[in-house]
Number of protein chains: 2
Amino acid sequence: MAKNNYTDGCTDVVCSVDYAFKRIGGKYKGRILWNLSNKNILRYGELRKTLVDVTPKMLTQTLRELEEDELVSRKVYHEVPPKVEYSLTDIGMELIPFINHLKEWGDKQRLKEKVLSSLKTS
Amino acid sequence: MAKNNYTDGCTDVVCSVDYAFKRIGGKYKGRILWNLSNKNILRYGELRKTLVDVTPKMLTQTLRELEEDELVSRKVYHEVPPKVEYSLTDIGMELIPFINHLKEWGDKQRLKEKVLSSLKTS
DNA sequence: TGTGTAGGGTACAAAAAAGTGCATACTTGT
DNA sequence: ACAAGTATGCACTTTTTTGTACCCTACACA
């Protein structure tokens, strides 16, 4: 018999929860995926304006990671000036329900916080 | 007319997607929540054994954050040796369906990766 | 000939997150 | 008297993640 039975399916270096969080973790990934799910296709510059606080370097880096992880696909038009379009892959789309629900949960929590703080100042 | 219409509901410092990711982001938070949802109640030491790679410092720190965010509740028994039990709050429980969804997505992806790599070595 | 434009790249610096090592309290068992 | 067990706390270091500043390309237009 095993000395302990606290195994959690996370006995490898990472379990699936860990694995998934790593793939969508990071400061901008959630918002990029969410915006792509709303607009279907966004150009680099559009993403940059949408995620107001992102720097070009971080946007590029994050998009590259999402692309490598096959959550986002990148379509380059060989025009001048250049044009690059980003959209969700099928794998990426499967995450959208999760992100939507998370957003709704966040909305709810933020609303609660707002109500509570307005009660304090009154 | 506005100069651009790329607003995304994220015009505050953070939008709800951002907000939610911050509350459940971090190396161990997802796994802690998921394990608590499976076992209902876990003691500090049990969590430590379950999350094999966590250091005591990080576990304590993460649990404190989850407690402050009201995702997890902490019950101290004034015994010797000390005993502390952790469980999900109602707010924390609301996140479980999404974490489960994420886990299933992760399972599926990892399975795919496994199949692909076994094809390569054959 | 010079300027603007879209979508980047790179080196370096700063900030945030995580890890290490050591210490503590109290009590029961040897 | 002394070690063991449980759940931490704290100072310090390392690692990871972000940010800053500046550079490039290729064509179109004036």
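Labels below follow one simple rule: chain letters A, B, ... track the order of the sequence lines, proteins then strands, and each chain is numbered from 1.
Residue E85(A) contributes atom CD, which lies 12 Å from atom P of dG8(C) at whole-angstrom precision. The CD-C1' distance, from E46(A) to dG8(C), rounds to 16 Å in whole Å. One can place OH of Y44(A) at 16 Å from P of dT5(C), the figure rounded to the nearest angstrom. The CG-P distance, from L59(A) to dT17(D), rounds to 18 Å in whole Å. Atom CD in E67(A) sits roughly 15 Å away from atom P in dG7(C) (whole-Å rounding). Between the CZ atom of F21(B) and the P atom of dT17(D) there is a distance of 16 Å, given to the nearest Å. The distance between atom NZ of K83(A) and atom C1' of dG8(C), rounded to the nearest whole Å, is 17 Å.
In this structure, of dT8(D), dT5(C), dG9(C), it is dT5(C) that holds the atom nearest to the side chain of P81(A). The nucleotide whose nearest atom lies closest to any side-chain atom of R74(B) is, among dT8(D), dG8(C), dA6(C), dT8(D). Comparing atom distances between the V80(A) side chain and each of dC27(D), dT8(D), dA6(C) picks out dC27(D) as nearest.
You'll find the side chain of L36(A) reaches within 4.5 Å of the side chain of Y86(A), heavy atoms only. Using a 4.5 Å cut-off on side-chain heavy atoms (C-beta onward), I41(B) and K75(B) make no contact.
Within the 3.5 Å criterion, the main-chain N or O of L63(B) finds no donor-acceptor partner in the side chain of Y28(B).
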Identify the pairs formed between an N or O of the protein and an N or O of nucleotides 18-21 of chain D at a distance under 3.5 Å, and give each distance.
{"from": "dT18(D)", "atom 1": "OP1", "to": "K27(A)", "atom 2": "N", "distance (Å)": "2.9"}
{"from": "dG19(D)", "atom 1": "OP1", "to": "K27(A)", "atom 2": "NZ", "distance (Å)": "2.6"}
{"from": "dG19(D)", "atom 1": "OP1", "to": "Y28(A)", "atom 2": "OH", "distance (Å)": "3.3"}
{"from": "dG19(D)", "atom 1": "OP2", "to": "Y28(A)", "atom 2": "OH", "distance (Å)": "2.8"}
{"from": "dG19(D)", "atom 1": "N7", "to": "K57(A)", "atom 2": "NZ", "distance (Å)": "2.9"}
{"from": "dG19(D)", "atom 1": "O6", "to": "K57(A)", "atom 2": "NZ", "distance (Å)": "2.4"}

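Salt-bridge formation is detected for the pair K108(B)/E94(A): a Lys NZ or Arg NE/NH1/NH2 atom is positioned less than 4.0 Å from an Asp or Glu carboxylate oxygen. Here R23(B) pairs with E113(A) in a salt bridge; the nearest charged N to carboxylate O distance falls below 4.0 Å. In this structure, E65(A) pairs ionically with K29(A), as a charged nitrogen and a carboxylate oxygen lie closer than 4.0 Å.
Taking 4.0 angstrom as the limit, R43(A) places none of its side-chain polar atoms (N or O) nearer than this to OP1 or OP2 of dA6(C). Residue Y86(B) places at least one side-chain N or O under 4.0 Å from the OP1 or OP2 atom of dT8(D). Not one side-chain nitrogen or oxygen of R48(B) sits closer than 4.0 Å to the OP1 or OP2 atom of dT6(D).
Here P82(A) lies in heavy-atom contact (under 4.0 Å) with a base.
Under the 30°/60° scheme for interplanar angles, the aromatic rings of H101(B) and F98(A) are found to be tilted.
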